[in-house]
Amino acid sequence: MNAEVTQPPNAPVVPDLQTGLEILARLPLGNPRQAQNELNRFFDSLVHTPLRADDYLDLLENSREPLCFVEEELARHYVNKPLPLGDTEEECFQRVIATWQKAASAYAHCARLADAADDGEPPLHSALVLHRCIYYTGMVIVEHHRARRELPRGLWLELHAHYARAEDFGVNTQAVPDALDPLERSTNCAAAYLSLLFSELASPYSLSIRDQSLVRSWANSWSPLVSLHAAEPGEPLPTFVIDLKQDVGLRATADCLQTEQLRRLDTSRLALQMNHIRQQLRQKVSPAQIGLGEACSAGQCKRLLEHLAIPWLQARAPRKFRRHATSGISRVCVGFAAIHFCISGKEFVQPEKTERLFAFPQLADPTQQLQVVQDQLDFSVDQWEVVNHSASGFRLMRSIAGKKMAHGQLLATCPHNSELFILAQATWLMQERGGGLIAGIAALPGIPQAVLARPVIRGGAPSEIYSRAFMLPAVPVIGAEQSLVIPQGWYRQGRIVEIYTDAAWCVELSQVLDDGPDFERVSFVTA
């Protein structure tokens, strides 16, 4: 739904530059929602009663820092939340998108006023205004990536048009100041445009929010290393190109019939930079020392650089497993309790009588069989349509009805061609414009066994009652070792965990193999 964020007729009038600066200085940043409303009224006022172009631009530039602060605060309500969003989260998402669009429209309006004045404005003004149009239109793309939402139709065309205009004016590489850059570096229209293209190439719906943020930071830093050139008829082209007349980012060259509106990328300097950084990481240089960020580990950087190398350097990645178009229905359940029930086919019961009584004090007789009605625990499964599958997983889709799903979450799925539930992880997740969900599901290796588990404290005593967990056998044909799936936060290297199947036995945790927001898959040895 589209949130009504302003009432233009009630927008305060900004009669001059000084009044506008005072309005911005009084913004209640401690109340982001109210501050956003006032910023929207501020933009509406400038559009309805514009000042002369220079003052208009000064006010827009002064609004940048408070606007970005407010939008980031409000984005916390929907970023990293399971899909589909709740009503409050959805409203907040729509409000943030609408405000970014207002800012982009205000800069475009300012540019039109400057054009109409025809007062020989310096190239810096054209470059700056068009950079801001690209930046704010790009923030609409960023918010859709962070909320895992399909982009609205026409958004890439709008972005292409801003960049094409910068080319037409000859200011696409003109340096402009950027007060939002943490290192106070200048930027330009081409760099801002390319950073968005590379963020899209990174397959953001497959990345965690933390990884998305790191990718955007690298794209911003390294986009000046990439150059854009018009495609000449008959010249060899890279695997992917930009078509300024198509509503997509980069597209396969093989799909383009004309070269008139094509732009090709030269990524040779970017390749040298990425190879150099990977070499430094192999030499144990810290990520912070080589400008990758203060809050990222060497392992995270190595994994992300490997993920980015193929798309960013314009190579077509061969599929590890061939995909097959399929039709059918897969059953999917989420949540440790529901997954444990689907895998085991029975209710979870503490094995010791005393611990059952401790966990469920409402049972007067500790020998009484624990009976829990299935629908009380909501162990329902959702029906997902299978789009395609490979040896490693599935592409599924469903309507908006059903349980929420988070990116990276553990789930159990009963494939369309099987009667058994297997463990899997949601590795790609996006909500379509119509509200339905599309998910890429990667199967965890092996047929799972539902078990009970609990950490053991020093001295050999169990620290708590049993929780649900899963055992996965070794699968030598794909090099997968035996593993244990435990709740998120349990893992400590060398930690002893007691497993209960028919009897209790102990294992020592070795290393994390996979993880997500609600689970860790770890290797182990018998203790």
Side-chain angles (χ1 to χ4, degrees), residues 5-27 35-71 98-140 155 157-181 184-193 196:
V5 294
T6 59
Q7 297 294 331
N10 299 327
V13 175
V14 182
D16 52 46
L17 175 63
Q18 186 58 39
T19 303
L21 292 174
E22 291 171 0
I23 291 172
L24 293 174
R26 292 196 304 266
L27 286 173
Q36 186 191 55
N37 286 336
E38 294 189 18
L39 279 166
N40 276 285
R41 287 193 291 268
F42 175 82
F43 291 134
D44 286 336
S45 175
L46 290 176
V47 170
H48 286 85
T49 55
L51 308 179
R52 67 186 190 89
D54 281 348
D55 289 346
Y56 196 157
L57 183 57
D58 280 348
L59 286 177
L60 292 178
E61 286 294 283
N62 277 278
S63 74
R64 296 191 75 211
E65 291 191 41
L67 171 61
C68 289
F69 173 82
V70 167
E71 295 285 83
T99 305
W100 287 131
Q101 290 172 329
K102 277 186 182 291
S105 297
Y107 272 98
H109 182 230
C110 181
R112 290 194 297 272
L113 292 177
D115 290 346
D118 194 21
D119 55 1
E121 65 172 2
L124 177 63
H125 279 195
S126 296
L128 188 145
V129 169
L130 288 168
H131 173 271
R132 303 318 190 227
C133 290
I134 291 170
Y135 174 84
Y136 287 119
T137 304
M139 287 307 301
V140 177
L155 189 55
L157 284 172
E158 185 177 342
L159 192 68
H160 294 330
H162 290 315
Y163 176 72
R165 194 158 184 250
E167 278 191 340
D168 291 341
F169 285 0
V171 297
N172 51 314
T173 58
Q174 170 82 40
V176 296
D178 186 5
L180 300 179
D181 187 273
E184 299 183 352
R185 295 167 297 189
S186 62
T187 184
N188 59 64
C189 294
Y193 178 60
L196 294 163

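Computed from a predicted model, the values in this text were never measured in an experiment. Sequence positions, counted from 1, serve as the residue numbers for this chain.
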Taking only residues two or more places apart in sequence or in another chain, which ones pass side-chain contact (heavy atoms from CB on, under 4.5 Å) with [X]?
{"X": "E184", "answer": "none"}
{"X": "S186", "answer": "A175"}
{"X": "A106", "answer": "F43, Y56, L60"}
{"X": "A161", "answer": "none"}

Q) Quick one: salt bridge (charged side-chain N to carboxylate O under 4.0 Å, His left out) partners of E167, sequence neighbours excluded? A)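 Salt bridge (charged side-chain N to carboxylate O under 4.0 Å, His left out) check on E167 returns R263.
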(Q) Between S105 (side chain only) and Q101 (backbone N and O only), is there a donor and an acceptor less than 3.5 Å apart? (A) yes
Q: Kindly indicate, with the supporting measurements, whether the criterion side chain to side chain contact (heavy atoms under 4.5 Å, CB included) is fulfilled by V14 and T49.
A: CA-CA 7 Å; V14 182; T49 55; 5.7 Å; no
Can you measure from [atom1] ([X]) to [atom2] ([Y]) and round to the nearest 0.5 angstrom?
{"X": "I23", "Y": "S63", "atom1": "CD1", "atom2": "OG", "answer": "11.5 Å"}
{"X": "C189", "Y": "F169", "atom1": "SG", "atom2": "CZ", "answer": "10.5 Å"}
{"X": "Q174", "Y": "T187", "atom1": "CD", "atom2": "OG1", "answer": "12.0 Å"}

Is the closest side-chain heavy-atom distance between [X] and [Y] below 4.5 Å?
{"X": "R112", "Y": "H109", "answer": "yes"}
{"X": "P177", "Y": "L128", "answer": "yes"}
{"X": "L67", "Y": "Q36", "answer": "no"}
{"X": "C68", "Y": "L180", "answer": "yes"}
{"X": "I134", "Y": "L196", "answer": "yes"}

Minimum-distance pair of heavy atoms, taken over all atoms of [X] and [Y]:
{"X": "L155", "Y": "T137", "value": "CD1-CG2, 3.8 Å"}
{"X": "F42", "Y": "G20", "value": "CE1-O, 3.8 Å"}
{"X": "L59", "Y": "L24", "value": "O-CD1, 3.7 Å"}
{"X": "P66", "Y": "L27", "value": "CB-CD1, 3.9 Å"}
{"X": "C133", "Y": "A108", "value": "SG-N, 3.6 Å"}
{"X": "G138", "Y": "L159", "value": "N-CD1, 4.3 Å"}

Which residues share a side-chain hydrogen bond (donor to acceptor under 3.5 Å, both in side chains) with [X], sequence neighbours left out:
{"X": "E61", "result": "Y107, R132"}
{"X": "H131", "result": "none"}
{"X": "N62", "result": "none"}
{"X": "D168", "result": "none"}

Q) Should D44 and R41 be marked as a salt bridge (charged side-chain N to carboxylate O under 4.0 Å, His left out) after you check the CA-CA gap, both sets of side-chain angles, and the distance that decides it? A) CA-CA 5 Å; D44 286 336; R41 287 193 291 268; over 6 Å; no
Q | Steps toward side chain to side chain contact (heavy atoms under 4.5 Å, CB included) verdict (D54, L57) | A | CA-CA 5 Å; D54 281 348; L57 183 57; 5.6 Å; no
Q.
V176 vs V171, test: side chain to side chain contact (heavy atoms under 4.5 Å, CB included). Steps then yes/no.
A. CA-CA 10 Å; V176 296; V171 297; over 6 Å; no
Q) Taking the six-membered ring for Trp, are H160 and Y193 parallel (under 30°), tilted (30 to 60°) or perpendicular (over 60°)? A)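 It falls in the perpendicular class, over 60°.
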Q. When you check the side-chain N and O atoms of T99 and N40, is any donor under 3.5 Å from an acceptor?
A.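 N40 and T99 do have a side-chain donor-acceptor pair below 3.5 Å.
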Q: Test N188 against N172 for side chain to side chain contact (heavy atoms under 4.5 Å, CB included), laying out the working first.
A: CA-CA 6 Å; N188 59 64; N172 51 314; over 6 Å; no
Q. Which pairs pass salt bridge (Lys or Arg N to Asp or Glu O under 4.0 Å) with one or both residues in residues 171-181, sequence neighbours excluded?
A.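 For residues 171-181, and leaving out neighbouring residues, the salt bridge (Lys or Arg N to Asp or Glu O under 4.0 Å) pairs sorted by first residue read R64-D178, D181-R185.
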